[in-house]
Amino acid sequence: MKNSIVLAFLIVSFYSFGQIEYKRKVSMLGSPFEITVVSKDSVEGKQFTDLAIAEVKRIENQISDWIPTTPISLVNKNAGIQAIKVDSEVFDLVERAIKISQLTDGAFDISYASMDKIWKFDGSMTTMPTEEMIKKSVAKIGYKNIILDKSNQTIFLQLAGMKLGLGGIGQGYIADKVRDLLVTNGCKSGIVNVSGDINAWGKQINGKPWTIGIINPMNKNKVFSTFPLENSSVETSGNYEKYVMFNGIRYSHIIDPRTGYPAQGVVSVSVFAKQTEIADALATGIFVLGVEVGLNLVNQLKGIECIIVDDKGKIHSSKGIDIKKYNK
């Protein structure tokens, strides 16, 4: 879930020097999709947002693992059987996802879809799964078993039963592609929110940057910091309400794909980057890695910053963010 972030601005369709801010919100990808564009009038605004919605649908039919006819679904169906040829868009996205897996030492892994769903976060769990069950649940996860053949542009999953799920990087990718398409078609300013994956370009019609607010999920009534987004992106992973408690230990709904155990110690991670795709994938990886290792990783990456809220409510930030500067 990615609902620990809110947009800290009001979008009103009003005229200013022949421009309006045109906003649409629809349900896509099983989540809210919200877009605001600066346009000369509502006709142009609708044209831009129509383009955006069509692009989301196009990409969904390439990378979704629950639509049975997509290339990713075909790869999953042929796990352990044969390699599947895909187009360059899908191949390149999977290739980039594997690079993030390498960077995070497997804390982010698109083969997480192979996991047995033994953890329940709907209040129905009364006992903790056994160590054997947990180990078995991740037996078919492992990005090193995703075999890419660049010359033939094929993807092969070595283990029968393996599955790819691009949800942890795909929504960010979609946000980037929507921005690129709209910019190419003359939209000079806008902000797109794909279920918490946010990409902004240009400025609001008042000349100010688009602004987002970060909420501490342990105090949801308060935005603790607001940040300008100037031709950049942010993604937040985490939901304080989805967890289970066993023996006094809080287990998050985000599972470590390497171990099968839920991540501990973190309730929210917000990653800032130029590309939403990178912010999306890294946010999940950092959540699993934890505060110390996650911050150490981000501090080595150029152009990437992050804010982590731990399970005590303490706020941590990478070296490039001065939280006091942005505190409300």
Side-chain angles (χ1 to χ4, degrees), residues 1-6 8 104-109 112 115 117-129 131 133-134 137-138 167-168 195-198 212-227 234-272 279-299 301 304-324 326-328:
M1 295 288 291
K2 300 171 181 175
N3 61 357
S4 299
I5 191 164
V6 294
T104 60
D105 193 29
F108 170 82
D109 192 326
Y112 79 92
M115 187 184 305
K117 307 300 189 293
I118 61 171
W119 295 91
K120 309 293 182 184
F121 300 94
D122 56 4
S124 64
M125 285 188 76
T126 56
T127 58
M128 188 168 172
E131 186 175 341
M133 290 170 63
I134 294 169
S137 73
V138 293
S195 189
D197 292 88
I198 300 171
I212 58 95
I214 306 293
I215 287 177
N216 185 328
M218 298 179 77
N219 183 8
K220 291 189 174 183
N221 296 320
K222 184 179 179 182
V223 174
F224 69 80
S225 291
T226 59
F227 294 86
V234 63
E235 200 281 333
T236 293
S237 287
N239 185 336
Y240 184 66
E241 295 172 346
K242 295 191 72 175
Y243 66 94
V244 290
M245 293 284 294
F246 290 115
N247 302 318
I249 299 174
R250 181 184 181 280
Y251 294 94
S252 160
H253 75 290
I254 295 179
I255 310 293
D256 186 337
R258 302 167 299 182
T259 66
Y261 282 86
Q264 297 179 45
V266 174
V267 295
S268 177
V269 175
S270 298
V271 176
F272 297 82
D280 192 5
L282 282 178
T284 303
I286 292 165
F287 198 106
V288 170
L289 290 172
V291 176
E292 186 176 345
V293 178
L295 285 178
N296 182 56
L297 171 63
V298 171
N299 286 332
L301 301 175
I304 309 291
E305 301 294 344
C306 81
I307 296 170
I308 302 174
V309 181
D310 68 24
D311 58 2
K312 303 294 189 297
K314 185 177 180 181
I315 299 165
H316 309 260
S317 62
S318 55
K319 62 184 180 183
I321 293 180
D322 181 358
I323 283 289
K324 293 180 182 179
Y326 298 102
N327 279 355
K328 287 184 67 68

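We number each residue from 1, following the sequence as shown.
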Q. Hey, is NZ on K117 packed in by over 12 heavy atoms from elsewhere, all under 6.0 Å?
A.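 Counting neighbours around NZ of K117, more than 12 heavy atoms of other residues, nucleotides or ligands fall under 6.0 Å, so yes.
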**Q.** Qualifying residues under side chain to side chain donor-acceptor pair (under 3.5 Å), relative to N247, sequence neighbours excluded
**A.**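 Side chain to side chain donor-acceptor pair (under 3.5 Å) check on N247 returns nothing, list empty.
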If I compare all heavy atoms of [X] with all of [Y], which pair ends up nearest, and what's the gap?
X	Y	result
F108	G168	CE1-O, 3.7 Å
T236	S268	CG2-OG, 3.6 Å
V298	I304	CG1-O, 3.5 Å
I308	I286	CD1-CG2, 3.7 Å
P262	F121	CG-CZ, 4.4 Å
Y243	S252	CB-CA, 4.3 Å

When rounded to the nearest 0.5 angstrom, what is the spacing between [atom1] in [X] and [atom2] in [Y]?
X	Y	atom1	atom2	result
I198	F272	CD1	CZ	9.0 Å
L289	T284	CG	OG1	10.5 Å
T104	L282	OG1	CG	7.5 Å

Q.
Are F227 and S270 packed together at the side-chain level, in the sense that at least one heavy-atom pair is separated by less than 4.5 angstrom?
A.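 F227 vs S270: side chains apart.
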Q. If we only count heavy atoms from C-beta on, is the I134 to Y261 side-chain gap below 4.5 Å?
A.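 SC-SC contact between I134 and Y261 confirmed.
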Residues 314-321, side-chain donor-acceptor partners within the protein, below 3.5 Å, at least two apart:
residue, atom, partner, partner atom, Å
H316, NE2, D310, OD2, 2.9
S317, OG, I321, O, 3.3
S318, OG, E305, OE1, 2.4
S318, OG, C306, N, 2.9
S318, OG, C306, O, 3.4
K319, NZ, N299, O, 3.2

Q) Using the ring of each side chain (for Trp, its six-membered ring), is W119 parallel, tilted or perpendicular to F246, with breaks at 30° and 60°? A)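 The arrangement is tilted - the two ring planes meet at 30° to 60°.
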(Q) My understanding is that only residues two or more places apart in sequence, or in another chain, count here; which of them pass salt bridge (charged side-chain N to carboxylate O under 4.0 Å, His left out) with D105? (A)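 If we apply the salt bridge (charged side-chain N to carboxylate O under 4.0 Å, His left out) test to D105, skipping adjacent residues, the hits are R258.
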Q | Residue pair V288, I254: steps toward the side-chain contact (heavy atoms from CB on, under 4.5 Å) verdict | A | CA-CA 7 Å; V288 170; I254 295 179; 3.9 Å; yes
Q: State which residues pass side chain to side chain contact (heavy atoms under 4.5 Å, CB included) with S124; sequence neighbours excluded, sorted by chain then number.
A: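 Testing S124 for side chain to side chain contact (heavy atoms under 4.5 Å, CB included), a comparison that skips the adjacent residues, returns K120, D122.
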Q) Of all residues at least two apart in sequence or in a different chain, which pass the side chain to side chain contact (heavy atoms under 4.5 Å, CB included) check with I249? A)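 Per chain and number, I249 pairs via side chain to side chain contact (heavy atoms under 4.5 Å, CB included) with Y251, Q264.
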Q: Give every residue pair that meets the salt bridge (charged side-chain N to carboxylate O under 4.0 Å, His left out) criterion with at least one member in residues 289-299, sequence neighbours excluded.
A: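 Not a single pair qualifies under salt bridge (charged side-chain N to carboxylate O under 4.0 Å, His left out).
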Q: Check I212, D280, D197 against V234 for a side-chain contact (heavy atoms from CB on, under 4.5 Å) and give me the one that passes.
A: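 Exactly one option meets the side-chain contact (heavy atoms from CB on, under 4.5 Å) with V234, and it is I212.
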